[in-house]
Amino acid sequence: MGKDEPCNILCKSDEKSDQPISAVLTAEEGKTIGERIREAYFVHLLVDNLPCATKFAMLDNGEPQYEPGYRLGYVRDNKAYLNNHLKLILKYHEVDDSLKNRRIVGCEIEAVSVSLADYSISNAAEGKCNAIPDGKKPLEVNEAGETKVLFTYAVHWEASDVRWAYRWDVYLKHRDVQIHWFSIVNSLIVVLFLAGILSMIIVRTLRRDIAQYNRDDLEGDEAIEETGWKLVHGDVFRAPPYTKFFCSLVATGVQLMCMAFVTIFVAMLGMLSPASRGSLMQAGILLYVFSGSIGGYHGGRLYKTFKGVEWKRTALITSVLYPGIVFGTCFFLNFFIWGKQSSGAVPFTTMLALLCLWFGVSLPLIFVGYYFGYRKQPYENPVRTNQIPRQVPDQVWYLSPTISTLMAGILPFGALFVELFFLMNAIWLKQYYYLFGFLFLVFIILIISVSIISIVMVYFQLCGENYRWWWRSLLVSGGVALYVLAYSVFYFVTKLEITGFIPTLLYFGYTLLMVITVWILTGTIGFYAAYFFISRIYGAVKID
């Protein structure tokens with residue numbers, strides 16, 4: 001450690017010659033590497049669990065930025081050139097004068113392409129070469145014949161004042177923090193706009209309606225002419241169709257809510273270090289699994305409120321519906337990754353471990369939650385339900401499920417899309433995302449905006465004398481998922497350069513899972529907000 005190496009040969013062949021080589025690429029291998037270079041493939045290295053990065057300067061202000069890994073090569077005049085020489089700049093922090101107390105705090109890569117003729121070998125037996133001169137000729141990849149390649153590397157050590165505890169800061173530091181603040185301000189404006197609409201409804205309309213309904217000298221026909229939401233008081237709490245699936249989705253939404261809230265909050269506190277690779281995903285999976293009892297409790301109690309009797313079947317549906325979709329999709333996509341022999345494929349043993357978590361931990365916890373939730377007293381509704389259901393009149397065009405869903409999803413998505421852009425970059429462009437404080441604020445704003453828009457849309461629906469609000473609240477509140485899907489297609493077309501079938505399949509497969517997750521999560525939030533609102537307004541009026 002601490003010793004510079006000007007040029008070392010890597011993977012030297014056994015051939016005894018004055019000009020050693022590392023590999024001879026066949027025409028097929030050269031064609032494959034040429035395709036990977038044109039597809040902008042990156043090579044990623046780790047030093048002491050720290051990713052190596054390529055340093056470059058911003059064009060507008062010259063500030064240094066870091067790009068994880070290094071490019072496999074580059075294309076010039078429709079010819080592919082391979083980066084076969086790496087200069088590793090290793091930065092260390094000295095705790096004291098002892099070599100044993102030096103800690104690596106940074107790793108930069110300078111990748112260049114050097115032709116075989118430009119190398120100067122100083123000691124072929126020991127794998128030594130002279131420093132790479134300036135003005136060298138790059139190594140062109142011959143896609144129609146053999147290509148002789150010599151892989152070399154150089155090491156340069158630099159002392160740094162950065163302490164070991166802060167060595168990730170250079171990767172996680174964002175220069176464009178202002179756009180996140182702009183997103184927060186924009187989201188707050190959206191919430192204030194929705195809160196203004198809700199206040200207008202509650203303060204000006206509901207109070208007037210409730211006051212008129214509670215006046216003893218007001219005739220019933222006169223109240224009917226004012227508004228229609230009281231007319232459906234005998235049907236508003238009628239159980240929806242397919243109660244088992246409805247309770248299963250709500251229970252799953254509660255699980256996702258607990259998982260998302262706790263994961264983002266813990267990450268915001270800095271407890272999920274980026275040095276622990278996959279810790280965020282592991283925390284999310286474990287939190288989802290162990291929150292099964294919470295989701296099961298709410299699903300069981302809601303199912304009892306609907307006077308259901310098959311709570312065990314409902315618990316089973318909850319246990320296998322959403323996890324089955326996620327696991328089945330990932331398992332199907334993993335076959336294609338295995339077929340490509342990619343290192344990103346999930347090992348079969350990991351799949352078995354996930355199955356054990358699913359059936360050994362999640363499923364029993366959901367059953368336990370349903371057991372205690374079903375034994376609990378059901379939710380107390382403020383009005384009784386009539387024996388004969390009321391006929392729903394024809395609805396105006398803007399209260400149709402499609403239009404309502406599209407209108408309801410615009411404003412919550414407006415509060416989300418800026419952070420969604422950075423999250424998509426982190427997932428698909430291998431960029432670092434560690435602004436969980438902003439993400440937590442946006443998540444809270446999303447919860448508030450979805451709740452408000454759900455209350456507003458359900459109130460308009462009840463005014464139209466349509467009491468079938470249970471599934472509608474779940475559908476309308478999840479309208480933001482449609483805009484997430486549309487944005488994902490836009491992002492795929494404008495930001496990504498994916499041309500192969502399998503990468504396209506992977507992108508839209510995982511995007512579909514993300515959309516379903518967002519729909520269940522936001523739909524559950526909107527349902528509980530609407531349920532609380534309806535219980536309050538019908539509990540405030542006198543029902544004969």
Side-chain angles (χ1 to χ4, degrees), residues 68 172 174-191 193-194 253 256-257 259-268 272 274 280-281 283-284 288 326 329 405-454 476-498 503-504 506-526:
L172 305 179
H174 287 257
R175 307 291 181 182
D176 48 2
V177 177
Q178 291 183 352
I179 194 172
H180 294 276
W181 284 116
F182 170 78
S183 172
I184 298 298
V185 174
N186 173 66
S187 304
L188 290 176
I189 293 175
V190 171
V191 170
F193 175 73
L194 292 175
L256 292 173
M257 178 66 184
M259 180 266 291
F261 186 87
V262 176
T263 302
I264 297 175
F265 182 76
V266 170
M268 180 186 65
L272 296 177
L280 188 67
M281 180 66 70
Y288 176 81
V326 174
T329 303
T405 302
L406 292 176
M407 290 192 301
I410 294 177
L411 293 178
F413 179 75
L416 175 69
F417 80 97
V418 174
E419 292 302 318
L420 180 62
F421 169 76
F422 288 99
L423 287 175
M424 297 284 278
N425 286 345
I427 295 173
W428 299 110
L429 297 181
K430 300 297 182 181
Q431 296 183 6
Y432 295 106
Y433 184 89
Y434 209 66
L435 300 176
F436 291 103
F438 288 106
L439 184 62
F440 184 77
L441 291 176
V442 170
F443 185 64
I444 297 298
I445 293 173
L446 177 66
I447 294 174
I448 297 173
S449 59
V450 167
S451 301
I452 295 175
I453 202 69
S454 174
V476 169
S477 303
V480 63
L482 292 179
Y483 290 92
V484 172
L485 176 61
Y487 182 79
S488 299
V489 176
F490 171 79
Y491 185 88
F492 177 83
V493 174
T494 59
K495 297 295 182 181
L496 301 180
E497 298 179 358
I498 297 178
T504 303
L506 292 176
Y507 178 85
F508 285 103
Y510 290 128
T511 296
L512 181 63
L513 294 181
M514 180 177 64
V515 169
I516 293 175
T517 302
V518 172
W519 173 65
I520 296 177
L521 175 62
T522 55
T524 302
I525 295 171

ask   = So Asn425 and Tyr491, side-chain contact (heavy atoms from CB on, under 4.5 Å) or not? Walk me through it.
value = CA-CA 10 Å; Asn425 286 345; Tyr491 185 88; 2.5 Å; yes
ask   = Between Glu419 and Met424, does a side-chain contact (heavy atoms from CB on, under 4.5 Å) hold up when you go through it step by step?
value = CA-CA 9 Å; Glu419 292 302 318; Met424 297 284 278; over 6 Å; no
task = Output, in order, the C-alpha distance, side-chain angles, deciding distance and verdict of side-chain contact (heavy atoms from CB on, under 4.5 Å) for Leu420 and Phe413.
result = CA-CA 9 Å; Leu420 180 62; Phe413 179 75; 3.9 Å; yes
request  = Could you check Lys495 against Phe421 for side-chain contact (heavy atoms from CB on, under 4.5 Å), going step by step and ending with a plain yes or no?
outcome  = CA-CA 10 Å; Lys495 297 295 182 181; Phe421 169 76; 3.9 Å; yes
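Atoms CG and OG1, on Leu513 and Thr517 in that order, are 6.5 Å from each other to the nearest 0.5 Å. Considering CH2 of Trp428 and CG of Leu496, their distance stands at 8.0 Å, rounded to 0.5 Å. Annotation: the span from Thr263 atom OG1 to Tyr288 atom OH amounts to 13.0 Å, rounded to 0.5 Å. We find the OG1-CH2 distance between Thr405 and Trp519 to be 10.5 Å, quoted to the nearest 0.5 Å. Rounded to the nearest 0.5 angstrom, Leu521 CG and Phe261 CZ are separated by 12.0 Å. Put simply, CG on Leu256 and OG1 on Thr522 are 10.0 Å apart, with the number rounded to the nearest 0.5 Å.
The closest side-chain heavy-atom distance from Ile525 to Ser451 is below 4.5 Å. Side-chain contact check for Val484 versus Leu416: some heavy-atom pair is nearer than 4.5 Å. With contacts defined as side-chain heavy-atom distances shorter than 4.5 Å, the pair Ile447/Phe443 qualifies. Between Phe436 and Phe265, every side-chain heavy-atom pair lies at or beyond the 4.5 Å cut-off. Counting heavy atoms from C-beta on, the side chains of Thr329 and Leu512 never come closer than 4.5 Å.
For the residue pair Gly523 and Ser477, the shortest heavy atom distance occurs at CA-CB, 3.8 Å. The two residues Ser488 and Tyr507 have their closest heavy-atom pair at O-OH, 2.6 Å. The minimum heavy-atom distance linking Ile453 with Pro412 is given by the pair CG2-CG, 4.2 Å. Closest of all the heavy-atom pairs between Ala415 and Val442 is O-CG1, 3.4 Å.
For Phe417 and Tyr483, the ring centers sit 6.0 Å or farther from each other.
The backbone N or O of Leu446 sits less than 3.5 Å from a side-chain atom of Ser449, completing a donor-acceptor pair.
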